[in-house]
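Residue indices begin at 1 and follow the sequence shown.
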Amino acid sequence: QVQLVESGGGLVQAGGSLRLSCAASGSIFSIDSMGWYRQAAGKQRELAATITSGGTTNYADSVKGRFTISRDNAKNTVYLQMNVLKPEDTAVYYCKAYVRRYSNSYLGLYWGQGTQVTVSS
């Protein structure tokens, strides 16, 4: 099995910063792309940022210039540095990863359990 565990969420004032971490563990041969998605109350889950195994990044327009995604392949961990936070960034943030469990297996999609980020005005 593969587990993704997020940490780093919390309550912060508008203009503040938070750093989210997501560590993958279990039976892992390699990890392809990783990403952060978020879901505000009453809304659909949406992309925040993704990063490939080679380091190519992609951001939602709403977070460009404020959020930075990075990863440590040796630790199977992805990070999301969030700066200049706004109340509209309030959501549950989920980590996603495409994981190959064995050298000859397919890529499986895994999600973390989510971490709450609340930005007060």
Give the minimum heavy-atom separation between [X] and [Y], together with the two atoms involved.
X	Y	result
Ala97	Ile31	CB-CG2, 4.2 Å
Gln44	Gln39	C-CG, 4.0 Å
Val2	Arg101	CG2-CG, 4.0 Å
Lys75	Thr77	O-OG1, 2.9 Å
Ala40	Ala91	N-CB, 3.7 Å
Arg66	Val84	NH1-O, 2.9 Å

Which value, rounded to the nearest 0.5 Å, describes the distance between [X] atom [atom1] and [Y] atom [atom2]?
X	Y	atom1	atom2	value
Ser17	Met82	OG	CE	8.5 Å
Ile69	Gln81	CD1	CD	12.0 Å
Phe29	Ser105	CZ	OG	8.5 Å
Thr115	Leu80	OG1	CG	11.0 Å
Leu107	Asp32	CG	CG	5.5 Å

Shared ILVMFWY cluster between [X] and [Y], side chains joined below 4.5 angstrom?
X	Y	answer
Val63	Val12	yes
Tyr93	Tyr79	no
Leu47	Met34	no
Leu109	Val99	no

Partner residues of Tyr37 under the ring-ring contact (aromatic ring centres under 6.0 Å, His included) criterion, sequence neighbours left out: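 For Tyr37 the ring-ring contact (aromatic ring centres under 6.0 Å, His included) partners, ignoring immediate neighbours, are Trp111.
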From CA spacing to verdict: side-chain contact (heavy atoms from CB on, under 4.5 Å), Asn76, Ile28: CA-CA 9 Å; Asn76 290 334; Ile28 297 172; 4.0 Å; yes
Is the shortest side-chain heavy-atom distance between [X] and [Y] below 4.5 Å?
X	Y	result
Leu4	Cys22	yes
Val78	Ile51	yes
Cys95	Tyr110	no
Asn83	Phe67	no

Lys NZ or Arg CZ of Arg38 over Tyr94 ring: under 6.0 Å, within 45°: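 No, Arg38 does not sit over the ring of Tyr94.
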Tyr106 six-ring centre to Arg100 NZ/CZ under 6.0 Å and within 45° of normal: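 Geometry flag: not set, cation outside 6.0 Å or 45°.
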Treating [X] as the side-chain partner and [Y] as the backbone partner, does any N or O pair qualify as donor plus acceptor under 3.5 Å?
X	Y	result
Glu6	Leu20	no
Gln13	Ser120	no
Thr90	Val119	yes
Arg71	Gly35	no

side-chain contact (heavy atoms from CB on, under 4.5 Å) assessment of Leu85 paired with Leu18: CA-CA 8 Å; Leu85 282 161; Leu18 283 174; 4.2 Å; yes
SB check Asp89 Lys86 (cutoff 4.0 Å):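 No, Asp89 and Lys86 are not salt-bridged.
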